[in-house]
Amino acid sequence: MAQTRYDQRVRVFVEVRGGPDDWQEAEDRFDRHGWPVRAHHPAGQGPLGDAVTPDPGTRVYEIEVRLFGIAKGCDQGAAERVRKAARAARLEAYVLRAEPLHRDRETRSRWRVIDARRRRRALRSPWRRHVASWALARGSYDADGLVTGPAGQALRLARAGHGAHASAVAVRPLDGMWKDARRRWPEEEGERRAFLAVAWALVAPVALVCAVHTGPAGRWFWGAGAAVGVAGAARAGRRLFPDGRAVGTVVVLAVSGFFTAGGLGLAGSDGWTPSDAFTTLLVVGVLSGLWLLVRQWTWGEWVTWAVPLVVTLLVSTFLAAGSVLHALYADALDLSSSDLDVPPVWQFLAALKLLSVLAYVLLVPAWWGVARHRHHFYATPGERTNVILHALVFVVILTFTGGFALDSAGRAAQRTKAAAARGEEPPPYFGVEPSWTCVRTTTAPARIPGEGPALDPDRPYLLINVADGTAVLWDQVTGEPLKLPASKAWLLPAEPGGGGCG
């Protein structure tokens with residue numbers, strides 16, 4: 001199947017030995033990988049001439065290898081892909097020469113064909129002459145037709161085929177590129193430069209955040225990193241637009257300043273911690289690497305790679321419906337997940353926290369995507385993937401995520417128990433905010449049905465939650481949960497510290 005999407009084209013001369021059968025097999029392999037055969041000649045003839053030793057049993061193919069990735073090193077990447085394809089087919093084939101085919105970076109201006117006679121008649125009228133420019137831009141004189149190219153060529157294209165009536169046709173520009181004689185890069189190049197500008201804009205804020213939270217010795221290091229980030233952002237800004245280098249520099253530095261204000265808490269927020277900055281860079285880097293990887297996938301790779309990841313996401317989402325973190329937190333407190341009754345928004349945030357841990361596991365595939373994009377590792381289109389390896393990655397993802405969930409919920413429950421034992425205010429955990437409360441009952445405590453130790457109204461309890469008409473409390477003395485009907489008790493706020501409720 002021909003490869004319809006690619007970034008680079010490389011012309012490769014391949015020497016294939018073995019006779020007609022092997023030549024046909026090589027042509028089939030080239031077609032299967034989506035590499036068009038431009039020409040073929042007997043060894044000693046063709047573009048390479050006598051640079052190749054003449055041999056009637058050898059044929060030199062000129063093929064066009066299309067591949068993803070950056071332009072630098074694409075010739076080496078194409079040569080290695082051809083070599084691997086020949087080795088997989090057990091062909092005696094050798095790459096003689098590989099050279100990139102650079103695309104023209106010119107983006108031509110577009111023009112709309114207009115009726116010149118109507119335009120001239122409008123200019124003769126004194127009152128219409130003042131609005132003629134506005135009417136032209138609005139399209140009042142447009143005719144059928146669209147042409148592209150420089151101004152002179154666009155006018156000639158519009159008048160081609162009109163003969164004696166050519167003067168009745170003119171053009172108006174649809175963009176301002178006709179004023180710039182320089183060639184412009186294609187859209188993908190602009191996207192790449194915009195991504196680099198954003199990446200450099202993040203370097204200085206992260207370095208400054210780390211400098212604020214480190215000692216005197218580390219501040220010199222992170223300060224130098226911030227200076228490098230500012231210089232890199234300025235350079236990326238100069239390369240952001242084809243014209244207007246100063247404008248690009250100002251834009252990128254302004255974006256970097258905005259990130260810096262947010263990271264240092266100068267915009268009214270709490271600011272970032274070094275952990276927050278590192279996690280942000282990690283997530284951005286992993287997402288970028290995964291994008292570079294998946295954009296090169298064939299259908300076989302989508303099945304073997306994407307299915308385990310989608311299954312992981314679905315499993316995590318299914319567990320997050322009851323919130324796996326909340327369920328483990330409740331289990332550590334000898335409660336059930338229904339006793340917490342956390343709002344859906346907190347369940348969603350807990351699920352995001354759980355899924356964010358996958359960034360550490362997906363760091364290896366992301367690195368693989370960046371390496372392949374830079375032609376450090378080579379894979380031919382349709383190359384057979386290792387299903388066992390992907391299954392192991394799936395198991396590692398589930399194991400790592402499950403271990404993080406157990407550790408996070410367990411530590412949160414231990415902090416809650418320790419705070420209750422000391423009479424302090426426990427920390428919240430994804431919407432669960434325990435607080436000290438005094439319990440007043442409408443009847444004698446012994447006559448109130450409930451679960452757990454006996455109720456003592458003279459001392460405070462730690463209120464975990466009120467769910468489904470049940471007040472879930474934590475007994476400071478026994479270290480066990482206590483459940484009471486909410487309709488049989490009044491819950492009054494109490495000061496932390498273990499004071500009485502008399």
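Numbers for residues simply follow the sequence, beginning at 1. Every value quoted in this text rests on a predicted model; they were computed, and no experiment measured them.
The environment of CZ in R219 is crowded: more than 12 heavy-atom neighbours from other residues, nucleotides or ligands sit within 6.0 Å. More than 12 heavy atoms of other residues, nucleotides or ligands lie within 6.0 Å of CD in E480, so this atom counts as buried by the packing criterion.
For E25, the salt bridge (Lys or Arg N to Asp or Glu O under 4.0 Å) test picks out R29, with sequence neighbours left out. Applying the ring-ring contact (aromatic ring centres under 6.0 Å, His included) test to W291 and every residue at least two apart in sequence or in another chain returns nothing. With sequence neighbours left out, T273 forms a side-chain hydrogen bond (donor to acceptor under 3.5 Å, both in side chains) with D276. With sequence neighbours left out, the ring-ring contact (aromatic ring centres under 6.0 Å, His included) criterion links Y461 to no other residue. A search for side-chain hydrogen bond (donor to acceptor under 3.5 Å, both in side chains) contacts involving D28 returns Q24, not counting sequence neighbours. For the side-chain hydrogen bond (donor to acceptor under 3.5 Å, both in side chains) test, no residue two or more places apart in sequence or in another chain qualifies with T470. With sequence neighbours excluded, the residues forming a side chain to side chain contact (heavy atoms under 4.5 Å, CB included) with A413 are Y329, A332, L333, listed by chain and number. With sequence neighbours excluded, no residue forms a salt bridge (Lys or Arg N to Asp or Glu O under 4.0 Å) with R112. By the salt bridge (Lys or Arg N to Asp or Glu O under 4.0 Å) test, R411 pairs with D407, sequence neighbours left out. Remark: D475 pairs with R459 by the salt bridge (Lys or Arg N to Asp or Glu O under 4.0 Å) rule, at least two apart or across chains. Here S408 pairs with Y429 under the side-chain hydrogen bond (donor to acceptor under 3.5 Å, both in side chains) rule; sequence neighbours left out. Partners of C210 under the disulfide (SG to SG under 2.5 Å) rule, at least two apart in sequence or in another chain, do not exist in this structure.
Residues H375 and F68 share a closest heavy-atom pair of CE1-O, 3.1 Å. In terms of heavy-atom proximity, L293 sits nearest to G369 at CB-CA, 3.7 Å.
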